[in-house]
Amino acid sequence: MYLEAQQHLLARVRELIQTKYSVELGPIAIEQPPDLKLGDFALPVAFELARKLRKAPKIIAAELAAALTASPDPQLPATFESAGAGYLNVRLDRAATAIAILNAEGRPPSAKDHVLVEHTSINPNKAAHVGHLRNAILGDTFVRLLRANGQKVDIQNYIDNTGVQVADVVVGFLHLEGKTLRQIREIIAASTGDPDQRELRFDYICWELYARVSQWYEASSEEENKQRKALRYATLHEIEAGNNETADVAELISTAVVKMHLDTMLRLGIEYDFLPRESEILRLKFWDVAFDQLKQSGVLYLETEGKNKGCWVMTRPESGKAAKTTEGETDEDAKVIVRSNGTVTYVGKDIAYHLWKFGLLGRDFAYRPFYAYDNHVCWISTTDGVEPHPHFGGAQAIYNVIDSRQSDPQANVIQALRGMGHTAEADRYTHFSYEMVALTPRCALELGYTVSEEDQARPYIEVSGRKGFGVKADDLIDKLIAATRKETDQRQPDRPEAERQQIAEQIAIGALRYFMLKFTRGTVIAFDFKDALSFEGETGPYIQYAIVRIRNIFRKAETTPEAALAAFAALTSLAGTDQVMLKEMDEIWAIWLRAAKRSFTLDQAIQTSEPAFIARHVFQLSQEFNNFYHRHHILTEEDPARKTLLLATAAIALRELITLLGWLGIESPEAM
RNA sequence: GCACCCGUAGCUCAGCUGGAUAGAGCGAACGCCUCCGAAGCGUUAGGUCACAAGUUCGAAUCUUGUCGGGUGCACCA
């Protein structure tokens with residue numbers, strides 16, 4: 001409703017300026033004054049008019065205010081005044097606005113687009129770490145925002161089950177450990193079942209082994225290292241080819257690890273609809289179809305000269321050169337898509353995959369169910385699937401949650417789509433990029449890693465799977481739950497054990513999700529346990545605590561938020577009283593105005609792909625509520641009309657807090 | 001060398017479609033539980049918005065340049 005009010009107001013002001021001064025303005029700026037005392041909207045429009053009209057901004061603002069006041073608008077009751085050096089300030093009629101906020105039922109689903117969000121996409125060869133948590137939490141939250149906006153969203157988690165990283169762990173099991181297929185199956189059986197039964201977690205075993213293999217490739221004489229690398233690529237090729245024992249081992253390992261990743265993410269409330277795997281992109285020959293299309297559209301051309309001779313290449317987006325180089329010249333910067341030996345590169349496979357995402361490939365995966373959630377099933381790609389199955393792909397818009405280091409290959413894919421004439425798709429392809437999570441040197445030392453002098457001087461150190469350097473996701477979650485459990489045990493001694501545990505988990509997950517969301521995407525998170533394990537100040541638990549307080553008030557008042565809001569609406573229909581009450585109490589009005597801005601903020605967050613806007617918005621609302629809470633004692637208020645207002649304000653705050661936290665994937669505990 | 005991201009309070013970060021005294025959290029000092037839960041609230045201290053030019057009535061915000069930090073730029077995935 002905030003956005004609508006703004007637009008309505010702007011249209012009115014524009015019309016006024018045109019009739020009064022005969023001036024046609026471009027976009028008119030509108031903002032919120034630094035203090036609620038000054039009003040709800042501020043328009044600096046008089047500054048711009050000052051020169052054209054040769055008049056002081058203050059005078060113009062005053063004239064505009066007078067004219068607007070002279071012709072009241074029943075659709076947007078408000079008062080107007082000139083303020084500061086020449087702002088035109090607008091004060092909404094608080095009672096009327098409050099009623100509008102009360103009645104605002106979530107926006108009607110505007111867009112019916114079928115949107116596809118890809119996130120998580122962890123190499124299935126080791127345990128998930130903090131960096132993956134940022135990815136999954138950002139992606140999952142963004143999905144919730146899109147759905148709140150009425151869009152139909154499919155969530156995909158791409159599984160690179162035939163890449164070098166998986167190959168490395170296969171090399172580890174088969175050649176470093178000398179295990180057979182059968183033994184590996186036993187290891188998996190013993191390390192993936194019931195958490196209380198298993199001794200080691202399979203993904204942790206792989207984490208350690210992957211680091212060991214990576215070192216092993218470098219650990220011997222030059223000659224022998226060369227042989228070890230050869231083994232690595234031989235293994236990779238067997239996995240890619242399929243239908244052999246090495247490929248079977250890879251399949252076993254990657255599937256087991258993927259299941260554990262899904263378990264980990266489910267602890268955070270993160271679910272998926274479909275897991276497309278690279279093995280099917282290979283076996284179902286997505287590339288062959290894409291290759292034809294790419295050749296036909298002229299995006300790819302066969303290089304005949306220079307270092308890329310014999311390769312099918314694509315002009316890079318930034319190079320600015322024409323698709324084909326002028327005669328005699330070769331584009332040495334061109335991106336190789338098909339190698340001179342005929343094999344396709346990663347970007348090539350990615351182009352094929354993205355044609356599928358948009359329904360442009362003309363070929364589909366086969367599907368089978370893979371992982372069961374409470375209300376739905378996550379499907380996985382396969383070569384011969386089951387019928388019936390849901391249909392994935394064919395989206396109108398896609399978002400790829402991938403860290404910023406991959407922006408070059410992402411740009412290549414977009415460039416290919418555009419080159420093929422799929423400009424609408426290219427425009428609706430969003431690389432939802434974010435910076436990595438690194439560790440502070442202190443954190444690295446705390447974890448027992450040796451840190452070089454040089455690294456200790458740096459602000460942060462990049463995590464590395466190859467070095468086994470990083471904080472594992474489940475370790476972090478366990479640590480958070482242990483810390484919150486300690487608190488709930490102390491604060492809620494009378495509650496049953498199961499309830500204390502549930503509350504502790506809600507708070508721990510709230511803290512973790514909020515921590516990952518409060519930073520804007522472009523900020524490198526220098527991870528530190530001290531910050532991540534904090535439950536005070538700008539944290540998830542701070543917001544949850546505000547909710548618990550409000551719930552306690554309603555419990556003790558022996559009424560419900562719904563009843564409080566109904567009572568307020570009834571009271572407000574008797575003109576006057578509420579006006580007086582809201583007038584001088586900005587700390588109350590702040591909460592109502594915040595509520596009014598909900599869909600406005602959601603819009604902003606989606607437009608900019610920035611969930612941090614919502615995180616900040618809900619934190620500010622919590623602060624505003626706490627401020628209100630300490631100034632007004634609700635339960636002991638004796639004036640009934642005033643008590644009605646206070647209860648309704650608490651009810652609105654509660655409604656907003658629960659909704660907004662829900663968008664962030666954070667639960668609202670009953671007590672804490 | 002080229003591209004992208006970052007440089008704002010002691011620390012970690014918001015603010016960047018140009019607009020009114022540059023904000024929050026943490027940390028520091030002090031204060032507030034006979035009063036709806038102190039995982040809370042209040043007060044104070046703390047800033048040449050990296051630097052320099054330019055555009056503008058107005059620049060943390062836009063442009064250019066410089067410096068510092070990070071990340072990409074394979075016939076790897």
Side-chain angles (χ1 to χ4, degrees), chain A residues 27 29 31 33-35 38 42-44 47-48 50-51 57 83-87 89 123 160 162-167 233 236 278 303 307-313 316-319 333 335-347 349-350 403-409 411 433 435-436 438 440 458-460 462 484 487-488 491 507 511 518-526 528 530-531 534-546 548-550 552-557 612-613 615-616 619-620 622-623 626-627 629-637 646 650 671-672:
Chain A
E31 58 201 51
D35 191 313
L38 295 167
L43 291 100
F47 298 112
E48 205 181 328
R51 221 161 17 132
Y87 287 91
N89 283 7
N123 267 301
D160 183 7
T162 54
V164 261
Q165 294 214 22
V166 168
Y233 288 104
L236 175 62
E278 189 176 65
E303 183 56 86
K307 63 167 189 169
N308 294 332
K309 187 174 175 181
C311 298
W312 287 86
V313 302
R316 280 180 203 274
E318 307 84 26
S319 71
D333 277 343
K335 174 74 196 164
V336 172
I337 302 297
V338 180
R339 305 183 187 102
S340 52
N341 67 5
T343 57
V344 59
T345 61
Y346 160 76
V347 172
K349 281 181 272 188
D350 220 22
D403 79 74
S404 58
R405 286 171 290 193
Q406 300 237 37
S407 53
D408 274 7
S433 78
E435 280 290 346
M436 62 183 169
T440 62
R458 309 174 72 175
Y460 51 81
E462 190 176 353
T484 49
E487 293 292 322
T488 47
R491 293 162 195 256
I507 297 169
K518 73 176 178 182
F519 300 95
T520 48
R521 291 182 291 116
T523 302
V524 175
I525 299 181
D528 196 309
K530 182 174 78 66
D531 302 328
S534 161
F535 308 131
E536 289 168 14
E538 194 182 352
T539 65
Y542 174 94
I543 301 161
Q544 291 172 316
Y545 190 64
V548 167
R549 278 178 152 170
I550 301 173
N552 281 339
I553 292 169
F554 281 103
R555 209 166 286 135
K556 293 195 175 160
F613 285 165
R616 193 170 66 247
F619 172 66
Q620 284 172 345
S622 306
Q623 279 188 315
N626 277 327
N627 185 291
Y629 176 90
H630 282 276
R631 274 191 218 206
H632 303 277
H633 203 271
I634 300 172
L635 293 179
T636 56
E637 176 58 50
L646 297 180
M672 61 191 278

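Order of the sequence lines sets the chain letters (A, B, ...), proteins ahead of strands, with each chain counted from 1.
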Distance below 4.0 Å between A:Arg491 side-chain N/O and B:A39 OP1 or OP2: yes
Quick one: is A:Thr162 getting a side-chain N or O under 4.0 Å of the B:A77 phosphate, OP1 or OP2? no
So A:Gln544, base contact, sugar-phosphate only, or nothing? Heavy-atom distance under 4.0 Å. nothing
Would you say A:Arg339 reaches B:A77's phosphate, i.e. side-chain N/O to OP1/OP2 under 4.0 Å? yes
Would you indicate what A:Ala671 reaches in the nucleic acid, counting non-hydrogen atoms under 4.0 angstrom: base, sugar-phosphate, or nothing? base
N or O in side chain of A:Tyr346 less than 4.0 angstrom from B:A77 OP1/OP2: no
Nearest whole Å is fine: how far is B:A14 C1' from A:Phe519 CZ? 11 Å
Are the side chains of A:Cys311 and A:Ser340 in touch, meaning some heavy atoms are under 4.5 Å apart? yes
Under the criterion of centre distance below 5.5 Å and interplanar angle below 30°, is A:His633 classified as stacked on the base of B:C35? no
Would you check if A:Arg339 and A:Trp312 make a side-chain contact, meaning some heavy-atom pair closer than 4.5 Å? no
How many Å lie between CG on A:Asp403 and C1' on B:G70, as a whole number? 13 Å
Taking only N and O in the side chain of A:Asn308, is any of them less than 4.0 Å away from OP1 or OP2 of B:C75? yes
Specify the separation, in whole Å, of atom NZ of A:Lys309 and atom P of B:C75. 17 Å
With a non-hydrogen cut-off below 4.0 angstrom, is A:Arg631 in contact with a base, only sugar-phosphate, or nothing? nothing
Under a 90° cut-off about 0 for the syn range, is B:C51 syn or anti? anti
Would you indicate, yes or no, if B:A74 has its OP1 or OP2 atom less than 4.0 angstrom from a side-chain nitrogen or oxygen of A:Lys307? no
Ignoring backbone atoms, establish whether A:Arg458 has a side-chain N or O less than 4.0 Å from OP1 or OP2 of B:G70. yes
Is there a side-chain polar atom (N or O) of A:Asn627 under 4.0 Å from OP1 or OP2 of B:G42? yes
Does A:Arg549 put a side-chain nitrogen or oxygen below 4.0 Å from OP1 or OP2 of B:G37? no
To the nearest Å, give me how far apart CG (A:Asp333) and C1' (B:G72) are. 14 Å
Taking 4.0 angstrom as the limit, do A:Arg405 and A:Asp403 come out as a salt bridge? yes
Could you state the atom-to-atom distance from CD of A:Gln620 to P of B:G15 in whole Å? 11 Å
Name the nucleic acid region contacted by A:Ile507, choosing base, sugar-phosphate or nothing; use a 4.0 angstrom heavy-atom cut-off, strictly under. base
A:Ile525 and A:Glu435, any side-chain heavy atoms less than 4.5 Å apart: no
Any A:Tyr542 side-chain N or O less than 4.0 Å from OP1/OP2 of B:C41: yes
Please confirm whether the shortest side-chain N or O distance from A:Gln623 to OP1 or OP2 of B:G25 is below 4.0 Å. yes
A:His632 NE2 to B:C35 C1', in whole Å, measures 15 Å
In terms of heavy-atom contacts, A:Asp160 and A:Glu278 come closest through OD1-OE1, 2.8 Å
Can you list the steps and then say if A:Asn552 with A:Arg549 is a side-chain hydrogen bond (donor to acceptor under 3.5 Å, both in side chains)? CA-CA 5 Å; A:Asn552 281 339; A:Arg549 278 178 152 170; over 6 Å; no
Rounding to an integer number of Å, can you tell me how far A:Arg616 CZ sits from B:C16 C1'? 11 Å
In whole angstrom, what separates A:Glu435's CD from B:G69's C1'? 12 Å
Side-chain N or O of A:Asn626 less than 4.0 angstrom from OP1 or OP2 on B:C41? yes
